[in-house]
Amino acid sequence: MKSNRGGTIVSMQLSKVYEPSEYESDIYALWEQSGVFAADPESHKERFSISMPPPNETGTLSLGHALFLTLQDIMARYQRQQGKDVLWLPGTDHAALAVNAIMEKKLSNEGTTKHHIGRDAFLERTREFVGESRGTMLGQMRAMGASCDWSRLRYTLDEALNRCVTETFVKMYEAGVIYRGHRIVNWDPNLETNVSDDEVSYEEEQGKFYTFRYGPFEIGTARPETKFGDKYVVMHPDDERYSQYTHGDTLSVEWINGPIHATIIKDAAVDPSFGTGVMTITPWHSLVDFDIAERHGLDKEQIIDFHGKLLPIAGEFAGMEIAEARPKIVAKLKEKGLLVSIDDNYVHNVATNERGKGVIEPQVRLQWFVDVNTPAVEWKGKQRSLKEVMQLVIRDGDIEIMPKRFEKIYFHWIDNLRDWCISRQIWWGHRIPAWYRTDTDGTVETFVGLTPPADDESQGWNQWEQDPDTLDTWFSSALWTWSTLIDQELAADMNIPFEDVLKQSKDFQTYHPTSMMETGWDILFFWVARMILSTTFMTGEVPFQKVYLHGLIRAEDGKKMSKSRPESIIDPLDVIPKYGTDALRMALIMGVSPGNDQNWGWGKIEANRNFCNKIWNISRYTIDRVGELTELTKPEPTTDAEHWVLSNLQRTTEVISAHLDAYRFSEAYDTLYHFVWDEVADWYIEASKNEKGGTVLAYVLEQLLKLAHPFAPFVTETIWQVLPWTGTTVLAVQPWPIPVHADKKAAAHFEEIRSIVTESRALIRDLGLHKPHLYYTNVPFLGGNAELIARMSGLAGVQEVSDGAGLHLVTTSYRCWLDVDASIAEAHLERLAVQTNEQQQRLASLQARLRNENYVNHAPKEVVNETKAQVAETEATLARLQAEQHRFAEIGS
RNA sequence: GGGUUCUUAGCUCAGUUGGCUAGAGCGCAGCAUUCACAUUGCUGAGGUCACAGGUUCGAGCCCUGUAGGACCCACCA
């Protein structure tokens, strides 16, 4: 029994099957206690830093979280093993809108509302709720094996982060990048807040399209209830059908509630080919209409209130909900003879809020915006707009997005980017640092600053009031990479200017810009783009050097996992106890390429559980073999198998490293999997059973554990803790394997042995042989491996003789044969004929390639030489096949 | 309307800058049985890489087009 590192007790009597749940929590505790995940800014190592995308504190972690934790953990562990100082900074997000929606629902279930209980009580309850969620979620991150630095855990509502938010708002305001104005926003009447353009999703719906008579015109609409105030008729300036009308003409038309004084507007935004080419506009409730109204300085009038009810302008319909009012309005227009037609098959897009699923009603509101078009930022020596900076950092290569194709998508999004509406009418979040007061003459004064303005005591009636709104949750997340790195104590001292806080924050100076941002492509715009926007503005640095985007995990049937189909949702916490975290981690990266979605599959989970068990049993075998080995010295390979495995270990290490360096996780893992299973377990371990000693065996296991550690940290560390020679060390910080010398010739001999064994097995099976002998002539290296070959192939024996006859192997150039009787001749000849045919076809195609002068002249020399070697090899195989056919043709006849 | 992406074995998917006889997992067929592991081993079957052109000595990979699927952005009153 070896025990006790960090409380971990492990038995030498390892169970036959790896039981992850027996070890995982102890192993994680060992890591935490040993402090191996803590970054050290004082060290002189190369840095690797990565900010964890903070999960929303809304409850529990999903498979999507499991995926990003796995990918980031692989990077962090690999870089740590490369000897770098790694900072993986964890955190959580207050998720303003999402949490707010949950809380309002809770209150509603209790029969109350936030307005009833008041702002303070609401915030108190919310804090309680997210506190519980956070505890659960941090535990789940540990369960996934996340090797993050818990001493630097951050939260978007931390004091220091709050300061960053306020500082950013104020600096942007002072630079003229943030402004307050009346603009069309996406208003959600359910949640009673506006949301940004990105949070709106459109769903197709079949509806009615109405055409009404409006004076001399016919106008179309899907929303008659917005049309009460329509007094502008808009048409394209080049539309010849309406050339008799001039911009600014007025006319009187009969409309829903009586005559309207209408004005002609000519604007190119109108599509002459749609409908009649004429429309009336509702600037208060449509973005396009609003833009037209702005261009021509037209009046804007609100028709629908913020609860979704019609205002007094609707006359007899005032106070009605839209759904109720619409048919009544249409009926009235029909009665007045103004209804021309109704198209029942009109498909239009209905805007809904992704969070609350409420139908969005565009409204004009006085809100705060981030201006993305005004050149207000100094970037690389020039005044730029935020939009330009966002484009430049990618174009200049300051930030690389993987996979590359997302750069195009990113540019496309930026091209369409409008000002970002950042104020929200909810209570949970960062309150906007703006205060207002109304002067005696009725003008409103605005104050924006880090601290509240002082009230003028002499005017008790005239006090400052803070803006009741909070900021879009992405406004604070956008600061994540650096707001998490500033010194918490310095930031608490408001006397220290913010620039100095940044300058004096060791972590910020050491780890920013971060090396990597790993996240899902679905928040490229919400988050990644906003981080670039805010971080370049505030720090003059990019937030990260690389962006790796992973895909979504869908249900087994390829559809989205969705709350409406609870059975489709897989909870990582259901998977882990049964299959182990390592199996889950590897299933999530196996056969997956960046940016592509993947389907959940229980098959992959099982395959990877089995893989963990394979590693486990290789270890059991090795431990059993080496006994109480207390020190592992440099391995000195003696047998062909040892040279072979060490040379393959070296090759595998190089390939895995190259893949991981290029963030090709799936390929790296695939390489590891096949080395461990197909090479170590199936060949080297088998070969070792014929050997004594075990230094190389122990060495190979040790290196294998290091290579597998980033992928399967728990099982590898568990084994490491059991190994008799590893002392009190922790695998998580062991250096990546370094090459050892292996003899190429000896390794090649073992390759020959593999050929001989494989062919013998196939022959025995195909020809129904029963424990034949293998004889050979003049193959020095076979002698030492005779027993091994016999055992692995199921042979009666392997012996050297001076000469003899039998069934000759054809995959090896060495002369060896099985003793057989004449009865198999026919079957053997048939088999040979098939093989000969294959080889002839191959030879023909290779020769044709070499006859092509263009190929020989144009292709790289190595490629041509390779072809020549293949020809020689194929010819040799063919010669053996033919000789064998000759011999057996005689026996057969 | 603009854009991205996918189509490779029965299923789910890899395939790095164009270059060995295109791979994996699962599934399938047959054989093996307690010697690290049945969460096992061995042997094998199975693919005109959606289709049609083009570039190239050479195309699953590059270009053009076609068909079908998925998604993103914009959004027409």
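Lettering of chains follows the sequences in order, A, B, ..., and the numbering in each one begins at 1.
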Nearest-Å distance once atom [atom1] is located in both [N] and [M]:
| N | M | atom1 | value |
| --- | --- | --- | --- |
| B:U7 | B:U48 | C1' | 16 Å |
| B:C73 | B:A24 | C1' | 36 Å |
| B:G47 | B:A22 | C1' | 9 Å |
| B:U12 | B:G69 | C1' | 16 Å |
| B:A50 | B:C61 | C1' | 16 Å |
| B:U21 | B:G58 | P | 16 Å |
| B:U17 | B:C63 | P | 12 Å |
| B:C42 | B:C26 | P | 13 Å |

Among the candidates [options], find the nucleotide nearest to the side-chain atoms of [X].
| X | options | answer |
| --- | --- | --- |
| A:W677 | B:U40, B:A14, B:A77 | B:U40 |
| A:R765 | B:C72, B:U43, B:C13 | B:U43 |
| A:H412 | B:G25, B:C73, B:C37 | B:C73 |
| A:H674 | B:A24, B:C57, B:U43 | B:A24 |
| A:Y346 | B:C37, B:C76, B:C20 | B:C76 |
| A:A762 | B:C75, B:G15, B:U43 | B:U43 |
| A:K408 | B:U4, B:C57, B:C20 | B:U4 |
| A:N416 | B:C76, B:C73, B:C37 | B:C73 |
| A:V288 | B:G19, B:C75, B:A77 | B:C75 |
| A:R418 | B:G44, B:U4, B:C75 | B:C75 |

Contact class for [X] vs. all strands (heavy atom < 4.0 Å): base, sugar-phosphate, or nothing?
| X | value |
| --- | --- |
| A:W683 | nothing |
| A:T282 | nothing |
| A:E686 | base |
| A:R620 | sugar-phosphate |
| A:R851 | nothing |
| A:N857 | nothing |
| A:I618 | base |
| A:N349 | base |
| A:G591 | sugar-phosphate |
| A:R849 | sugar-phosphate |
| A:A607 | sugar-phosphate |
| A:Q870 | base |
| A:D522 | nothing |
| A:L287 | sugar-phosphate |

Report yes if a side-chain nitrogen or oxygen of [X] is closer than 4.0 Å to either non-bridging phosphate oxygen (OP1 or OP2) of [N]; otherwise report no.
| X | N | result |
| --- | --- | --- |
| A:S593 | B:A14 | yes |
| A:K689 | B:A36 | yes |
| A:N596 | B:C71 | no |
| A:R609 | B:U39 | no |

Is the closest basic N to carboxylate O distance between A:R651 and A:E679 below 4.0 Å?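 Counted as a salt bridge, because a side-chain N and a carboxylate O are separated by less than 4.0 Å.
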
A:D267/A:R295 ion pair, N-O < 4.0 Å: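 Looking at A:D267 and A:R295, the cut-off is met.
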
Rounded interatomic separation in angstrom, taking [atom1] from [X] and [atom2] from [N]:
| X | N | atom1 | atom2 | result |
| --- | --- | --- | --- | --- |
| A:Y673 | B:A14 | OH | P | 18 Å |
| A:L588 | B:C13 | CG | P | 15 Å |
| A:Y18 | B:U40 | OH | P | 16 Å |
| A:K560 | B:G69 | NZ | C1' | 16 Å |

Mark yes or no: A:R754 above the aromatic ring of A:W683, with NZ or CZ under 6.0 Å from the six-membered ring centre and no more than 45 degrees from the axis.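 Yes; both conditions hold, so A:R754 lies above the ring face of A:W683.
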
Convert the base pairs of RNA chain B into dot-bracket notation, remembering that pairs crossing earlier ones are written with [ ] and that bases paired across to another strand are shown as |; include only Watson-Crick or G-U pairs under 3.5 Å. (((((((..((((.....[...)))).(((((.......))))).....(((((..]....))))))))))))....

Could you tell me whether a side-chain N or O of A:D343 sits under 3.5 Å from a main-chain N or O of A:F209, the two making a donor and an acceptor?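 A pair under 3.5 Å: no.
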
Ignoring hydrogens and geometry, is there a side-chain-to-backbone donor-acceptor pair from A:T671 to A:T652 under 3.5 Å?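 Absent.
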
Against A:L843, only a single residue in A:Q840, A:Q847, A:Q839 fulfils side chain to side chain contact (heavy atoms under 4.5 Å, CB included); can you say which?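 Exactly one candidate clears the test, A:Q847.
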
Min side-chain heavy-atom separation A:L584-A:Y579 under 4.5 Å: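 Answer no - side chains too far apart.
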
Pairwise 5' ranking along RNA chain B for A:V200 and A:N599, keeping only the more 5' one: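 The 5'-side residue here is A:N599.
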
If each of A:D197 and A:I409 is mapped to the nucleotide of RNA chain B with the nearest heavy atom, which maps nearer the 5' terminus, i.e. the 5' end?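 Checking each residue's closest nucleotide, the 5'-ward one belongs to A:I409.
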
Side chain [X] and base [N] donor-acceptor under 3.5 Å:
| X | N | answer |
| --- | --- | --- |
| A:N852 | B:C57 | no |
| A:K227 | B:A77 | no |
| A:K614 | B:C37 | yes |
| A:R405 | B:U4 | no |

Side-chain donor-acceptor pair present, A:D415, A:Q391, cut-off under 3.5 Å: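 Side chains of A:D415 and A:Q391: pair found under 3.5 Å.
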
